[in-house]
Amino acid sequence: MNAQSSVQPKLRVRGATKVYSTGSGDLLAIDRCSLDVAPGEIVSIVGPSGCGKTTLLWSMSGLHGLTAGEVLLDGKPVKGPNPEISMVFQEANLLPWRNLDANINFPFEIKGTKPDRVWIDELLQMVGLEGFGARFPRELSGGMRQRAALVRALSFKPSVLLMDEPFGALDSFTREEMNRLVEQIWLDRPTTIVLITHSIEEAIFMSDRVVVMSARPGRVANIYPVPFPRPRSLDIMATKEVFDLTNAIKREIVGDQKSRFSTPSAPVFQAAK
Amino acid sequence: MSDIDAIPEFKTKSGDGQDVGITNLSAFASGPGIKSMAEVLAIILVAVVIIGGTEILLNVFAVPQYVLPKPSQIGLALISDFHLILPHLGYTLVELLSGFAIGAVVGLVMAAVITQFPFVEKVVTPYILLLVTTPMLALVPLLILRFGFGYTPRIIAVALAAGPMVMINAATGFRRVDPGKIALARSYGASTIQIFWKIRAPMALPMILVGLMIGSIFGLLTAVGAEMVGGGFGLGNRLTSYSSMIQMPQFFAVVLILSILGILIYVLFFLIGKKWASWEA
Ligand SMILES: Nc1ncnc2c1ncn2[C@@H]1O[C@H](COP(=O)(O)OP(=O)(O)O)[C@@H](O)[C@H]1O
Ligand SMILES: [Mg+2]
């Protein structure tokens, strides 16, 4: 790897702006968001509900286009679904008519490629799902389903993993377990990860940087580095640094919402330029 | 394309497309739910009591055969005249299978296509409802006038009875799009065709099976009814013919065959549903 490629961000979002046309007019969801994610970096996005986190993530994945701005993967524009990018959705989003094996096989059926059995078995073993291949999603617990979704997302070795509140529906113990699992998998095979979460604790524990978005229209309000070495232990959550960081982020999000409610003139709907 | 911009919420388990089909699948797929040997024995016992009781009562009150034949007489007629009835069972099955196949294919294709175009669907639905609620038997005299006494009018009637039933239920199934699952497939680069076969079709399958089951039962009713209207063959024709000759044991033997046919259809779809659509129950 030469000096230049190590400088180039894996994922680069420049001036991302998205307007939805709705029945009641145009809705500016995200406004000039810019963000660089380094190769192998884990970045979390937090922000008030409805601020455009999912909109931003979908733009990164190529699932929908932007009104203005661009997304670059390794310097090349992302114009549609990309084999290098994999999504993990809120709630596991497994196909209920397929058993676990068939669910994990699904990306390969769509892509028409051959699964790497050795890698998939390794993943299944890492998440503790070996031997469950014949089970259907309804026969698995919430945590197991989300672990299966993680295996499915990583099965084709993407270099970028985009996760949209993946563990939001899980109880806090299962969620912590999932967080450690993701880190463990990441240590095994570093992947660039962008994680949306509504848990500031999860954001801090998981990421190298936490991006705070402002209320709609979503803008990148602030970016907080989280300088703890990996693998991280849950003990860091009890440190003063994390405590201060958590409060700073919380204040930023809450303050942002307060100012939004205290200024009635603030445009909620805003036309595209 | 509204799909492309829709961000799924994932709040409801299987999308919020409410099932408004004719029946709901959980009742169908869970079926009678026979669990133990004791239940099977109980069901057989009830049959024995009813059949035996009828036999005894009819004997005690000396009810004449032309009013109500004894179960034993029906059984004997079924055995002795089976070779006479069998060809007619074949004719009825030919009408049912070909009419149902035509109706089901047209109904399925129409459901799959129409649900892709919400405007077309809105315009077409009242007419499909009209076809569902109008007894197609009413058209049989007209069809006979036009196509004669052969298979043709009956097959058309069966297709007209089954097709809309299949269509309206299948359309309910195809309408249940889960944007999250479609987004999942698209994130792997799925084409529209792949999304149809790998997401939309399997999601619709439980409702499609309901439609096929109801459609085939309606098809059977219509086939038998059409045979009663005219033409010298088929189980329906046997019913009119035996009753006009007051051959009541034979008449009830045909009724028995029709009941068994109906039950077999139900069991067939029940088993298919258990195998392929149990994920929804
Ligand atoms: N397909 C769409 N059409 C119109 N408005 C949408 C659409 N998707 C999202 N929105 C709106 O855009 C805003 C941002 O949504 P979203 O990105 O889902 O926010 P978040 O993920 O941060 O909760 C919300 O106000 C939402 O109602
Ligand atoms: Mg969201």
Side-chain angles (χ1 to χ4, degrees), chain A residues 18-22 27 29 50 52-65 67 80-99 102-103 105-113 136-139 149 152-153 155-156 158 162 164-166 168-169, chain B residues 1-17 19 25-26 29-30 118 173-174 176-210 272-281:
Chain A
K18 174 93 182 164
V19 176
Y20 291 112
S21 341
T22 67
L27 184 147
K53 302 182 292 294
T54 300
T55 302
L56 182 60
L57 201 75
W58 275 47
S59 310
M60 292 182 187
S61 73
L63 274 172
H64 65 195
T67 311
N82 187 306
E84 286 292 307
I85 302 176
S86 189
M87 287 274 274
V88 175
F89 298 83
Q90 192 180 345
E91 297 194 356
N93 206 13
L94 297 175
L95 305 178
W97 56 89
R98 285 169 173 252
N99 66 19
N103 261 292
N105 215 34
F106 183 63
F108 300 96
E109 277 178 46
I110 297 289
K111 292 164 186 281
T113 55
F136 281 81
R138 65 165 187 281
E139 299 166 328
R152 178 177 63 184
S155 61
F156 53 95
L162 305 177
D164 191 352
E165 307 200 6
Chain B
M1 287 287 286
S2 55
D3 269 348
I4 288 176
D5 270 352
I7 291 177
E9 277 297 329
F10 297 97
K11 290 279 147 51
T12 49
K13 267 259 145 50
S14 58
D16 38 15
D19 289 354
L25 185 88
S26 41
S30 57
F174 283 120
R176 304 191 318 178
V177 277
D178 181 341
K181 301 213 167 24
I182 291 175
L184 175 81
R186 285 187 52 233
S187 79
Y188 303 133
S191 65
T192 311
I193 307 258
Q194 283 179 314
I195 289 175
F196 178 82
W197 286 112
K198 304 233 175 242
I199 305 288
R200 288 187 202 273
M203 278 198 88
L205 187 64
M207 285 311 293
I208 290 176
L209 287 177
V210 169
I272 295 177
K274 216 174 164 98
K275 178 102 178 66
W276 297 105
S278 60
W279 56 269
E280 183 160 272

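Below, read A as the first sequence line, B as the second, and so on, with proteins coming before strands; counting in each chain starts at 1. Values reported hereafter were calculated over all heavy atoms of this structure, with side chains retained and with hydrogens, waters and symmetry mates removed.
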Among all residues two or more places apart in sequence or in another chain, which pass the side-chain contact (heavy atoms from CB on, under 4.5 Å) test with B:A190?
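By the side-chain contact (heavy atoms from CB on, under 4.5 Å) rule, B:A190 matches A:I110, B:A185, B:Q194, B:I195.
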Treating [X] as the side-chain partner and [Y] as the backbone partner, does any N or O pair qualify as donor plus acceptor under 3.5 Å?
X	Y	answer
B:K181	A:N93	no
A:R152	A:F106	no
A:T67	A:V19	yes

Please classify the contact between [X] and chain B as side chain, backbone, both or neither, with a heavy-atom cut-off of under 4.5 Å.
X	result
A:P83	neither
A:F108	neither
A:E165	neither
A:L94	backbone

